[in-house]
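Before any comments, here is the structure.
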Amino acid sequence: MFEKEYDVIVVGAGHAGSEAAAAAANLGSSTLLITMNLQNIGQMSCNPAMGGIAKGQIVREIDAMGGYSGIISDKSAIQFKMLNKSKGPAMWSPRVQSDRMRFSETWRMMLEQTPNLDFYQEMVVGLMVEEMKVVGVRTSLGLKIRARTVILTNGTFLNGLIHIGEKQFGGGRAGESASTGITKELEDLGFESGRMKTGTPPRVDGRSLDFSKMILQPGDEKPEKFSYSDITAPLKTQRPCHMTHTSKLVHEILKEGFDRSPMFNGSIDSIGPRYCPSIEDKINRFADKDRHQMFIEPEGWDTVEYYVNGFSTSLPEDIQAKALRQVVGFENVKFFRPGYAIEYDYFPPTQLKHSLETKRVSGLFFAGQINGTTGYEEAGSQGLMAGINAHLKVKEAAPFILKRNEAYIGVLIDDLITKGTDEPYRMFTSRAEYRTLLRQDNADFRLTPMAHELGLASDVRMKKMEIKQRKSDSFVDFFKNTSVKPEVINPILAKKESALVGQSDKMFKTFSRPNITMEDMRKIDAVEAFVKENELDYDVLQQTEIQVKYAGYINKEKNNADKLNRLEGLKIPEGFDYTKLKSLSYEAREKLTTIQPVTISQASRISGVSPNDISVLLVYMGR
């Protein structure tokens, strides 16, 4: 099998690697997925969950593009929640608790059924590069496998070092060895590397916990799902989570181990995730807090193993156990394994193009934690885009790049490429300036047409999306064009304590009121008749309600996005010499030369480039 030259080799089979391999293979590229352990494809290294705030939008976007994460999340889900429902729809974020073992198994089964995809289990220790173009990989057994493009998705495995108290040992994950060799080769090729840290909490035996002392955290009464396709269905039964809290006593016990903590004794000097701190970091940074929340999450349908969310730690195992036994419900806790921290190599992502191809070596792509991100969803979306663009590179076609107003994926990649990151990057809704456009409910409208044109989203997907859009548009038009009489609408308004109307008016205007819901409007006979006659389902009803109620915000963001896109259209010549523009600030010249932005818009988002610097560029470009 290694006598052939592959179109795409993907190194690593985590979330990024799995999505990359699926995308490249489904687009028609001959693809080889190489991983150190085929039993751990799509492994959930940390929490058994997918989605969450902004991350849920990313999973929906991956699904709308024809990626696998949404389908696999649905098939292995044990609980579904739509977060932030008390806020506006731009903030709604789907999340599932997953069955860890089924999640990984489902990934493998789906990949094995993907045409054009081969598998191989071994460690990749180096790259084959000729004239700064990647031509293949070298393995620990000395095999040389040729390829036209290579995607590195090494996760936390590059020179991974695990810390538990004062103990240190090499590893990319508990029970798995680290990957060596690649970092040195990339540095020899001129790449800059760095170190990052992440951590994970203990896993415990649910039979040793007293859940009656904890607060029940059930799933939604009417659960939805991630995938827009018909091949998955919402859950009919769910497993609950539980919540408890740390206490002053727990914190005091944890402090007993601080002198042996790698975070405080100098063993770890790399930066960990700001928005998912360890319990010792929380105690240190938020000294005024007497307690912190802990969510106790089941690892699957049938297992007794539980994940202690909120108690990530690298403290000595004896301190972990002593402190946890003082948590309400954990008095007799038994460990499956202790928490730990892990340090690993990453490569600052300003060394990449927006396609995720490296600027330095042609045909070489990076995706996932190697780029400084944290989270399954961020990794999966990068893998999807790297897989698409590796395929397009092979076909000598233009890269596929999502803009900031088109997808959270576009925001993520643009942030990484333009601003870089010196701490593990996590997506939030606040990072997206067009979040009213980038909702979880409309990812199919935004992305499926593009994916269908690429050949990644199927005809079935496209047709389903078009029917949903047509029905939603038709329902919005119905509200815009249909009047309602006072005697019909006023009883509904009175019940909601909303101002009554004195004359007939278009339903759209009434429906736009913040306290009037679709449920209220369906009490009008004409509305309910339209719903039944056109067989409108929940997705269409939700989509219509958002389009009506948030029309002003949506139109405003569309106008702002149009202005941005005009700047996106102003290209900067490749290899442009910024040193000749003496009116630029020194910092701007330095940053622009390093990052080499493709457009004026991208240049404007680089930290240290001022509006005055952009004006200089616009004058020089004749604008």
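Donor-acceptor pairing under 3.5 Å is recorded for the side chains of Asn40 and Glu176. A donor-acceptor pair shorter than 3.5 Å cannot be found between the side chains of Glu297 and Asn47. Between the side chains of Thr156 and Gln369, no donor-acceptor pair is found at a separation under 3.5 Å. In this structure, a donor-acceptor pair under 3.5 Å is absent between the side chains of Gln39 and Ser104.
Between Thr153 and Ile151 there is a side-chain heavy-atom pair separated by less than 4.5 Å. The side-chain heavy atoms of Pro94 and Glu224, taken from C-beta on, include no pair separated by under 4.5 Å.
Looking at Glu378 and Arg431, no side-chain N of the basic residue comes within less than 4.0 Å of a carboxylate O on the acidic one, giving no salt bridge. With respect to Arg260 and Asp318, a salt bridge is recorded, a charged nitrogen being found less than 4.0 Å from a carboxylate O. Using a cut-off of 4.0 Å between Lys/Arg side-chain N and Asp/Glu carboxylate O, Glu305 and Arg100 are scored as not salt-bridged. The residues Lys255 and Glu252 are annotated as salt-bridged, a charged nitrogen and a carboxylate oxygen being separated by less than 4.0 angstrom. Electrostatic pairing of Asp415 and Arg605 does not count as a salt bridge here, judged by no charged N lying under 4.0 Å from a carboxylate O.
Lys87 forms no cation-pi arrangement with Trp92, by the criterion of a distance under 6.0 Å to the ring centre and an angle within 45° of the ring axis.
Ring pair His15/Phe103: centre-to-centre distance below 6.0 Å. Taking the ring centroids of Phe330 and Phe311, they lie at or beyond the 6.0 Å cut-off.
Shown here are the ring-ring contact (aromatic ring centres under 6.0 Å, His included) partners of Tyr434, two or more places apart in sequence or in another chain: there are none.
Here the side chain of Lys359 pairs a donor or acceptor atom with the backbone of Ile595 at under 3.5 angstrom.
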Check against ring pair (Phe, Tyr, Trp, His ring centres under 6.0 Å), Phe211 and Tyr306: CA-CA 12 Å; Phe211 292 108; Tyr306 278 76; 5.1 Å; yes
Test side-chain contact (heavy atoms from CB on, under 4.5 Å) on Asp63 and Phe226 and set out the steps. CA-CA 8 Å; Asp63 183 75; Phe226 269 119; 5.9 Å; no
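Atom-to-atom distance recorded for Met50:CE and Ile58:CD1 is 10.0 Å, nearest 0.5 angstrom.
Between Phe191 and Phe347, the angle of the ring planes goes over 60°, which puts this pair in the perpendicular group of the 30/60° scheme.
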